[in-house]
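Below is one structure, written out as C-alpha cells, with a few remarks after it.
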Amino acid sequence: DDLEAACRKRQIRTLRGLGARTEWNIIRGIQALRERGDQVPLGVALPVARDIQAHLEVLPQVKEVELAGQLRRREEMVDKLELVVAGTEPKEVLAVLPGLAEVEEILARSEDSIRLRLKSGPVLEVLAAEPKCYWWTLWKATGSAEHVAQVLALAAERGLLIGGPDAVPPDVLLAGVASEDEFYQRLGLSFIPPEIREGKEEVDAARQGRLPQLVDLADIRGDLHCHSRWSDGVMSLEELAQAAAAKGYEFVAVCDHSQSLTVANGLSVERLRAQHREIQELNEKLGSIQLLSGIEVDILADGSLDLPDSVLAERDVVIASIHSGFRQDMEQLTMRIIKAVENPHVDIIGHPTGRLLGRRDPYAVDMERVIEAAARTGTVLEINASPDRLDLNDVNARAAKEAGVKIVINTDAHSQPELDNMHLGLSVARRAWLTKDDLVNAWSWQEIKEYFARKS
Ligand SMILES: [Zn+2]
Ligand SMILES: [Zn+2]
C-alpha cells in the first residue's frame, strides 16, 4: 500500500546514504511505521502547517493565525496539526480549508472548528475564535493536558476562573487579561515558553522564578558540522562559507566524511591535507566568516577511529560518528562510543544514538554511560538538526545538561538549503531547557577553541 511504498522510497534514500540494508531491516521499518500510526516528523509537519497558515493569513476576515498543540510545543513527532485563527467570520474562514490541496477528507466540523485528514497522514484541526478570545483559545490548545490542568488549578485557586475550566472568556476570567503573557503574570508565574508547556516541573519553576532563559535562534553564531563536495555534499568550500556568512554566522566548520565511508567519498589523509590547504587559502580572502577545518571521523566497529591521532590533531573540529555496525549489542556499542569519547582529539560525538525519526530506532547504546563519559572528559554531544534525526532528543539533551555536558546544534548540511534546519535543532534544545551557556555554538569561536583545548 501507500505506506509501504513511501517506506520503500525512504529506504532507497537510506540505502544511498548508509550502504546495504537487509530485507529484514526494511520489513522492521514498515512495522515500526505501522505501529506509529499517522505521525510525521516535526520537519515534515512544520512546512505543511506553515503553508496552511499562509493560506489563512491572507483572508480579509483573519486577524491572526498561530500554530498550536504539538506543533507549537515542537514535539519531534506530530499526529495532529493544530492551528488557531482569530477572525470575524469563523464559518467563512473554516470553509476555505477543505479546498486546500493537502486535504484528503473532512472528519468533523462545528461552528468554530474543523477537523480534516491530510493526504500525508496526520489530522489537521483548526479552531476559530473571536479576536478577544483568541489568546485563551490558543493558550488552551498549546499546552499538554497536564500543563493546562495545572495552570487552571492555579487560576481557580486564585479566584481567576469563575465559570470552571471549560467556560470561555471574557465571562469567566477577571477583566483585563488580554494575552498569554498577562495570564501567566496574573497567576504569579513568569512566562512559560510553549516548548516546555508539558506539565512536568515548569509550573513550579515559573512560580519560583527559576525558569531558564531558553536559547534563541539569534544566539546561534555558527554551524560546526557541514559537508562539502569533497565528500558527499554538493557545495564547494567557498559556497559553504558564503552561505554561512549570508546567515550572519561568525564561523562554519566543514566536516567531511573519513576514508572508510567509501559510499560517501570519504577523505584519505592525502585528500584531507589538500582540503586543509584550500581552506587556508580561502580564509585569506574571506571576509567576516571563518571557515574551520573539521572532520567527521568514523567510529569503527572496535571503537578506534578511522584516522590517526596525528591527523585529527591538525583539524579545528573533530566530530566522531557511527555510520555502520548498528546491530552490535549494548555493551559493544556503548564501549565503542565511550572509547571515542575518551580520545583526546575528539571534540564532539555526532548524532549520538543513530536514530532516524519514524524509521530507525536508536542503536542499543546506554546514553547514561555515554553522558557520564562525556561529562568526565569534557566532550560535547551533538543535537543533529537534520529533520530525519533530531539526535540527541530532548530527553537525552536535558540529561546531558544536568550532567554538565555541553551541547552543540549542528545541521549536518549537505546542501545550502539544509543550513536552514538549525531551527529544528533549536526546538530540541529549547524543549531540553538549554541556555546559551549550555550550547557551544552560541559562543565565539575563540571560546569554543579554548573549551576544546581543555580536553586535548
Ligand atoms: Zn554522520
Ligand atoms: Zn555528517
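This one's a predicted model, so the numbers in the text were calculated from it and none came from an experiment. Just follow the structure's listing: the first ligand is 1, and inside any ligand the first atom is 1.
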Under 3.5 Å, is there a donor on one side chain and an acceptor on the other for Asn421 and Thr411? no
Any chance the side chains of Arg72 and Thr142 put a donor and an acceptor closer than 3.5 Å? yes
Hey, could you give me each pair passing salt bridge (charged side-chain N to carboxylate O under 4.0 Å, His left out) that has a residue in residues 281-297? Not counting sequence neighbours. Glu238-Lys285
Determine how many protein N/O/S atoms sit closer than 2.8 Å to the Zn ion (ligand 1), leaving waters out since they are not shown. 3
Who pairs with Arg74 by side-chain hydrogen bond (donor to acceptor under 3.5 Å, both in side chains), at least two apart in sequence or on another chain? none
Is the distance from the Zn ion (ligand 2) to some N, O or S atom of His227 under 2.8 Å? yes
Residues passing the side chain to side chain contact (heavy atoms under 4.5 Å, CB included) test with Arg229, sequence neighbours excluded, are Ser236, Glu239
Show the numbers, then the answer: is there a side chain to side chain donor-acceptor pair (under 3.5 Å) between Asp412 and His351? CA-CA 9 Å; Asp412 199 357; His351 42 77; 4.5 Å; no
